[in-house]
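Accompanying notes for the structure given below.
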Amino acid sequence: MCGIVGFIGSEPAAPLLLAGLARLEYRGYDSAGLAVYDSERGLQLAKAKGRLKVLSDIVDGGKSIHGTAGVGHTRWATHGEPSDANSHPHLSDSGKIAVVHNGIIENYMEIKEYLTAHGVVFHSDTDTEVVAQLLEYYYKGDIVEATYKVLHRIQGSYALGIVCADNPDQLVAARKDSPLVLGYGQGCSFLASDVTALIKYTKTVSYMEDGELAILTRDGIQVYDQLNCPVEKEKSTVDWDISDAEKGGYEHFMFKEIMEQPEAYRKAAFPRIKNDRVELEDLNLEEDFIRQLSRIYVVACGSSYHVGVVGKYLMEKMLRRPVEVALASEFRYASPIVDEHSLVVVISQSGETLDTMAALREAKRLGAKTLAIVNVVGSSIAKEADSVLYTWAGPEIAVATTKAYSTQLVVLTLLGLHFAQVMGTLPQEEIAEVLHQIRLIPTKMEEILSRTADIQYFASQYFNHESIFFIGRNLDYAMGLEGSLKLKEISYIHSEAYAAGELKHGTISLIEPGTLVIALATYAPLFEKDVSNVIEVKSRGATVLGLTTWQMAEELRKHTDTLIAIPDTHPLLLPSLAVVPLQLFAYYVALQRGCDIDKPRNLAKSVTVE
Ligand code: AGP
């Protein structure tokens, strides 16, 4: 949600800011803008509701805006509707100071009333404008000093990018609870919400911490802490390439990312398997703590939560310890029962999801140990958790997660196997067998991905259904949740996932002739029961698309209208394969319906509001 880009150097800033904003489009936005300083023209501002293209047309691709220092922003509306006036950057009353902001200023009303009483006139409904106006209120010739005063006054979350016409050779940035990355170039410096915006220009970055303020100049970047003391930032090199964040010939990022899953899975899993054992070198948990674990929570949102649902089934089987899976937005208000023998595992692709971050903080407050499974290196959740396991999936641009889901799943599985090793709850031979099967998963994924045409054909048969049900039991139910979310978020088809045994307790009343039911029946121990549920819905007129393994395909085919079969694997790993055709089905249905697949309506990639 919302994206910030900043640049100071010797090239024209506007085209570069537009290019950076284009890379941040995936985060979700409804308007965009930029402010660039030029010695002749002063601060030039352009902003517009709608897609970035609207802004780009207004400024002729950046050519009509002059200057080599500026900030840009994509806004996802929270305070004030999407409109030109509410778009960022916001200017102070005199037009001297421009501000872009991600986050929410919680006490903005009180500050707005105070400034209004002092004669300041506001031009938008946003919380951000108070930052620009307050900066000017405090400004006495030194923008850094004014920024510190503002930071002491505002409450809430923020990533700020500031340009001041009186201090044109610097940009100022500040962060609290909203990410900001600093980029180091030759004779230039960059600022961005995430590295995708600056990877084309530099791979040398550092991540701002909460409470830090940065001054960016053409000669470098100096960072200060809350007390204005200089901070020596650790620089890191981004280890992926610009091509990872481009479509590379694919029509959509989502499809590219689906196809990248075998490789992403290899990268996430294989280095952590050594001599038939799981080795999590980056895991920072004492073995004694693991042995004494009384309860594990898995807490996350959306698809990451669905990984947790699979994880509950897997880990309870492996560990014989209670594993609770909780939606992050519910967890902290539910009086969770955690103590020093509890582990709270939070899962997040972006590492910035506010609900997940809040749950993590609550878990820490209650005395639990926390472990984060995160994709984005250096993200806020990764920094705050006691221990981090990265998924190493590379940048995921499509709003609908695919490769991040698959890598989260295998990392959580490896975590469960590691705990089983330490606790001694699974025989070593079984652990070795699961690890052997994990090594085969990428090739089996490739087999499924070589038959996309079959799934495309099914999608062409079913894309005009307006309501689709997913049913399954146990791990198949967990898969249904993810299949259903994928479908609804990108195709806008109403869809629900039910535990198949629950059908007769209510949902079956919705089945009528022609209703499409996707029956997941990959888990052999419950296959017979799955078949009974398929017969139940068939006898009420449903059209059934079945999903099972090669071994059981012939039997399920007798009861379904169409069938997708996936390779057999260890039962604990079935979800890693079953999810792939479900992703493809959602993708092709959305394609048939002409939906904006990579940027579905109303959704953002990283959800940084509660
Ligand atoms: C998945 O396709 C969704 N876009 C969404 O449910 C997502 O998984 C959720 O918002 C959590 O995001 P996170 O993994 O970045 O925390």
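Just so you know, these numbers come straight off a predicted model, no measurement behind them. One-based numbering, in listed order, for ligands and for the atoms of each.
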Ligand-protein N/O pairs under 3.5 Å (ligand 1):
{"from": "ligand 1", "atom 1": "2 (O)", "to": "Ser303", "atom 2": "OG", "distance (Å)": "3.4"}
{"from": "ligand 1", "atom 1": "2 (O)", "to": "Thr401", "atom 2": "N", "distance (Å)": "2.9"}
{"from": "ligand 1", "atom 1": "2 (O)", "to": "Lys486", "atom 2": "NZ", "distance (Å)": "3.0"}
{"from": "ligand 1", "atom 1": "2 (O)", "to": "Glu489", "atom 2": "OE1", "distance (Å)": "3.3"}
{"from": "ligand 1", "atom 1": "2 (O)", "to": "Glu489", "atom 2": "OE2", "distance (Å)": "2.4"}
{"from": "ligand 1", "atom 1": "4 (N)", "to": "Val399", "atom 2": "O", "distance (Å)": "2.8"}
{"from": "ligand 1", "atom 1": "4 (N)", "to": "Glu489", "atom 2": "OE1", "distance (Å)": "3.3"}
{"from": "ligand 1", "atom 1": "6 (O)", "to": "Ser303", "atom 2": "N", "distance (Å)": "3.2"}
{"from": "ligand 1", "atom 1": "8 (O)", "to": "Ser303", "atom 2": "N", "distance (Å)": "3.1"}
{"from": "ligand 1", "atom 1": "14 (O)", "to": "Ser304", "atom 2": "OG", "distance (Å)": "2.7"}
{"from": "ligand 1", "atom 1": "14 (O)", "to": "Gln349", "atom 2": "N", "distance (Å)": "2.7"}
{"from": "ligand 1", "atom 1": "15 (O)", "to": "Ser348", "atom 2": "OG", "distance (Å)": "3.4"}
{"from": "ligand 1", "atom 1": "15 (O)", "to": "Gln349", "atom 2": "N", "distance (Å)": "3.4"}
{"from": "ligand 1", "atom 1": "15 (O)", "to": "Ser350", "atom 2": "N", "distance (Å)": "2.8"}
{"from": "ligand 1", "atom 1": "15 (O)", "to": "Ser350", "atom 2": "OG", "distance (Å)": "2.7"}
{"from": "ligand 1", "atom 1": "15 (O)", "to": "Thr353", "atom 2": "OG1", "distance (Å)": "3.4"}
{"from": "ligand 1", "atom 1": "16 (O)", "to": "Ser348", "atom 2": "OG", "distance (Å)": "2.7"}
{"from": "ligand 1", "atom 1": "16 (O)", "to": "Thr353", "atom 2": "OG1", "distance (Å)": "2.4"}

* Sequence-distant partners of Tyr477, side chain to side chain donor-acceptor pair (under 3.5 Å), two or more places apart -> none
Less than 3.5 Å apart, which donor and acceptor atoms pair up between the side chains of residues 577-585 and the rest of the protein, not counting sequence neighbours?
{"from": "Gln583", "atom 1": "OE1", "to": "Gln261", "atom 2": "NE2", "distance (Å)": "2.7"}
{"from": "Gln583", "atom 1": "NE2", "to": "Gln261", "atom 2": "OE1", "distance (Å)": "3.1"}

* Structure fact -> Across all chains, not counting sequence neighbours, the salt bridge (charged side-chain N to carboxylate O under 4.0 Å, His left out) partners of Glu257 are none
* Is the distance between the ring centroids of His252 and Tyr587 less than 6.0 Å? -> yes
* Structure fact -> What one should report as the nearest heavy-atom pair of Pro575 and Leu409 is CB-CD2, 3.9 Å
* With the side chain counted from C-beta on, respond yes when Glu251 and Lys247 share a heavy-atom pair under 4.5 Å apart, and no when they do not. => no
